[in-house]
Amino acid sequence: MKVKQVDLLEYLARPTVRYLVPSYQRIYSWNERQCEELLTDALRAQRKGKKHFIGSILTCRSDDSSDGIEVLDLVDGQQRTVTAFLLLAAIASYLKTAQDTFMPSALPAPDEIKSRYLIMPSDDDVSAAKIKLSHYDEDEFTKLILDLNAWQACDALDGKDDLHGSHIRRNFAFFLKRISEMEPSDVEALWRGIEGLYLIDIRLDKRMQAQQIFESLNSKGVALNVADLVRNYLLLSERHDEQTRLYKEYWQPIQEMFTPDPASLKLDSAIKGWLTIRVPGSRIKSAEQVYSSFKHYVEEGLDNTKESLLKELRGFCVMWAENYRYHAVKKFRSSCDWAINGGATLTAGRPLKKAANEEYAQKVREQLKSEALDGRW
């Protein structure tokens with residue numbers, strides 16, 4: 001493991017390094033509050049004339065690395081890194097619009113910002129963003145980075161709140177709006193402040209170290225929930241292609257069963273419900289206890305593979321989503337045969353309570369069962 005202090009701009013400007021957000025990572029979820037904090041950190045650094053620490057970033061060399069280009073998996077620090085790219089993109093986009101009227105002397109030209117910090121060097125006309133996001137965010141982010149004129153602030157702030165990339169669009173618009181409201185001298189001050197931001201770069205030699213270090217890092221931003229920790233624990237140690245396969249085959253369906261699910265509360269409760277069956281006698285109350293019990297079960301009580309666990313959890317979540325209105329595990333019974341790593345249930349055979357709208361409930365059951373049999377879950 002290598003640990004060193006590095007300036008944020010130096011970290012982003014490495015010409016032979018590309019960053020990769022692994023498939024198991026949660027989607028980009030920072031909002032305006034965290035963006036405002038980053039702006040405040042930069043302006044504070046400029047005002048005090050001192051370096052300002054913004055956190056740690058944990059990376060591991062990816063299997064996608066090739067001769068001449070090192071690809072680094074972002075194990076921890078995705079939110080901070082993507083937000084930094086969005087801030088630089090907003091500055092470049094603003095300068096591209098304003099350069100006919102003024103060009104702050106302390107800032108590089110917009111095309112220089114783009115070529116140095118936002119895209120990979122290329123000998124042909126095919127450019128790639130310096131960071132590759134997960135499939136939820138990739139298209140929208142890449143469109144923005146490759147074409148700084150693609151959006152105007154009024155288009156970005158259109159009030160849409162869809163799952164796919166809404167935070168990318170909204171945060172870029174937030175930065176662009178804030179910068180556009182600044183005086184030229186304030187934009188110069190912001191850039192000097194960004195030059196004063198630094199981070200701790202943690203580079204892992206072995207992927208197996210990643211989860212332990214990931215859990216111990218106390219980073220700013222949106223707190224990790226139980227589902228985040230469980231997903232990372234199960235997928236992080238796998239090679240990138242295997243991560244992608246397991247994520248698409250198991251975790252993505254698990255996650256989407258409960259949509260909309262702000263803060264993953266329904267999914268967290270499903271994991272807790274599954275554990276109460278798999279760990280008889282457990283008295284799990286807090287989120288910390290859920291994750292601790294989950295890790296103990298996997299490391300001490302699971303005889304099969306992690307894939308078998310993911311498959312079982314996916315099946316259990318079909319049943320949980322189908323019967324979510326009842327909450328208590330003892331009232332659940334499903335046509336989905338979810339059990340793989342142990343007994344099906346502690347209360348098998350109990351009748352299912354009648355739903356308030358039985359016609360709709362039966363329709364949902366049939367749809368879930370059909371999708372499970374088709375292999376979509």
> Could you check Glu242 against Arg245 for salt bridge (Lys or Arg N to Asp or Glu O under 4.0 Å), going step by step and ending with a plain yes or no?
CA-CA 5 Å; Glu242 183 67 359; Arg245 183 186 72 82; 2.8 Å; yes

> Considering non-hydrogen atoms only, spot the tightest contact between Ala129 and Phe141 and give its length.
CB-CE2, 4.2 Å

> Quick check: does any side chain N or O of Asn171 sit under 3.5 Å from a backbone N or O of Trp30, one acting as donor and the other as acceptor?
yes

> Whether Arg192 and Glu195 form a salt bridge (side-chain N of Lys/Arg under 4.0 Å from carboxylate O of Asp/Glu) is what I want to check.
no

> Counting only N and O atoms by type, is there a donor-acceptor contact under 3.5 Å from the side chain of Thr142 to the main-chain atoms of Asp139?
no

> Donor-acceptor pair, Ser93 side chain versus Ala89 backbone, under 3.5 Å?
no

> Can you tell me if Thr81 uses its side chain to pair, donor with acceptor, with the backbone of Gly77 under 3.5 Å?
yes

> What distance separates Asp201 CG from Thr59 OG1, expressed to the nearest 0.5 Å?
5.5 Å

> Considering residues, nucleotides and ligands other than Lys248, do more than 12 of their heavy atoms fall under 6.0 Å from its NZ?
no

> Just jot down the side-chain contact (heavy atoms from CB on, under 4.5 Å) partners of Glu70, sequence neighbours excluded, or say none.
Val17, Arg61, Ser65, Leu72, Arg203

> What I want to find out is whether Asp7 reaches Lys51 closely enough, with some N-O distance under 4.0 Å, to be called a salt bridge.
yes

> Indicate yes or no: at least one non-hydrogen side-chain atom of Leu95 is less than 4.5 angstrom from one of Ile113.
yes

> Taking the side chain as everything from C-beta on, heavy atoms only, tell me whether Cys35 gets closer than 4.5 Å to Leu38.
no

> Nearest 0.5 Å please: distance from the CG atom of Leu20 over to the CG atom of Leu74.
7.5 Å

> Atom CG of Leu309 and atom OH of Tyr250: how far apart are they, to the nearest 0.5 Å?
11.0 Å

> Mind checking the CD1-CZ spacing from Ile168 to Phe85? Nearest 0.5 Å is all I need.
11.5 Å

> Leu190 and Met182: which non-hydrogen atoms are nearest, and at how many Å?
CD2-CE, 4.2 Å

> Give the C-alpha distance, both sets of side-chain angles, the deciding distance and a yes or no for side-chain contact (heavy atoms from CB on, under 4.5 Å) between Arg278 and Glu312.
CA-CA 11 Å; Arg278 282 290 162 252; Glu312 174 172 298; 2.6 Å; yes

> In plain terms, say whether Arg178 and Glu36 are close enough for a salt bridge, that is, a side-chain N and a carboxylate O under 4.0 Å apart.
yes

> Are Ile194 and Ile91 side-chain neighbours, meaning at least one heavy-atom pair lies under 4.5 Å?
yes

> Go through the steps to decide whether Ile254 and Leu267 satisfy the test side-chain contact (heavy atoms from CB on, under 4.5 Å), and finish with yes or no.
CA-CA 8 Å; Ile254 288 172; Leu267 178 51; 3.4 Å; yes

> With no hydrogens and no angle check, is any side-chain donor or acceptor of Gln79 less than 3.5 Å from a backbone partner on Ser29?
yes

> Just so I know, are the side chains of Ile119 and Ile145 near enough to count as touching, which here means a heavy-atom distance under 4.5 Å?
yes

> Regarding Tyr19 and Asp73, do their side chains bring together a donor and an acceptor under 3.5 Å, going by distance alone?
no

> Any side-chain heavy atom of Thr40 within less than 4.5 Å of one from Glu37?
no

> Give a yes or no on whether the backbone of Val290 and the side-chain of Ser293 come within a donor-acceptor separation of less than 3.5 Å.
no

> Please report the closest heavy-atom contact between Gln46 and Ala189, naming both atoms and the distance.
CG-O, 3.2 Å

> Does Met257 form a side-chain contact (heavy atoms from CB on, under 4.5 Å) with Arg314? I'd like the steps, not just the answer.
CA-CA 9 Å; Met257 284 177 208; Arg314 182 185 62 183; 3.9 Å; yes

> Could you report the tightest heavy-atom contact between Ser134 and Val21, atom names first, then the distance?
N-CB, 4.0 Å

> At their closest point, which heavy atom of Phe316 faces which heavy atom of Gly273, and how far apart are they?
CZ-C, 3.7 Å

> With a 4.5 Å cut-off on side-chain heavy atoms, are Leu8 and Tyr198 touching?
no

> Scan side-chain atoms only and decide if Tyr28 and Thr83 contain a donor-acceptor pair under the 3.5 Å cut-off.
yes

> Measure from the side-chain N and O atoms of Lys130 to the backbone N and O of Arg116, and report whether any donor-acceptor pair falls under 3.5 Å.
yes

> What pair of heavy atoms forms the shortest contact from Phe175 to Ala90, and how long is it?
CB-CB, 3.5 Å

> Under the 3.5 angstrom rule, does the side chain of Arg231 hit a backbone N or O of Val226 as a donor-acceptor pair?
no

> Honestly, is Lys272 close enough over Phe294, meaning NZ or CZ under 6.0 Å from the six-membered ring centre and within 45° of the axis?
no

> Is the distance between the ring centroids of Trp274 and Tyr297 less than 6.0 Å?
yes

> For the pair Glu238 (side chain) and Leu235 (backbone), establish whether a donor and an acceptor sit closer than 3.5 Å, ignoring hydrogens and angles.
no

> Quick one: pull up CD in Gln243 and CH2 in Trp251 and give me the separation to the nearest 0.5 Å.
14.0 Å

> Keeping to residues at least two apart or across chains, list the ring pair (Phe, Tyr, Trp, His ring centres under 6.0 Å) pairs with something in residues 177-197.
none

> Once you round to the nearest 0.5 Å, how far does OG of Ser264 lie from CG of Asn225?
4.0 Å

> Apply side chain to side chain donor-acceptor pair (under 3.5 Å) to Arg18 and list each qualifying residue two or more places apart in sequence or on a separate chain.
none

> Check this for me, if you would: do Glu32 and Arg170 make a salt bridge, where the nitrogen-to-carboxylate-oxygen distance has to be below 4.0 angstrom?
no

> Looking at Glu307 and Lys311, does any basic side-chain N land under 4.0 Å from a carboxylate oxygen?
no

> Under a 4.5 Å cut-off applied to non-hydrogen side-chain atoms, are Val6 and Ile200 in contact?
no

> Could you walk me through whether Leu12 and Arg14 pass the side-chain contact (heavy atoms from CB on, under 4.5 Å) test, one step at a time?
CA-CA 6 Å; Leu12 300 181; Arg14 295 166 173 169; over 6 Å; no

> Any side-chain heavy-atom pair from Phe174 and Leu86 closer than 4.5 angstrom?
no

> Looking at Asp41 and Arg44, is there a salt bridge between them, counting it only when a charged N and a carboxylate O are closer than 4.0 Å?
yes

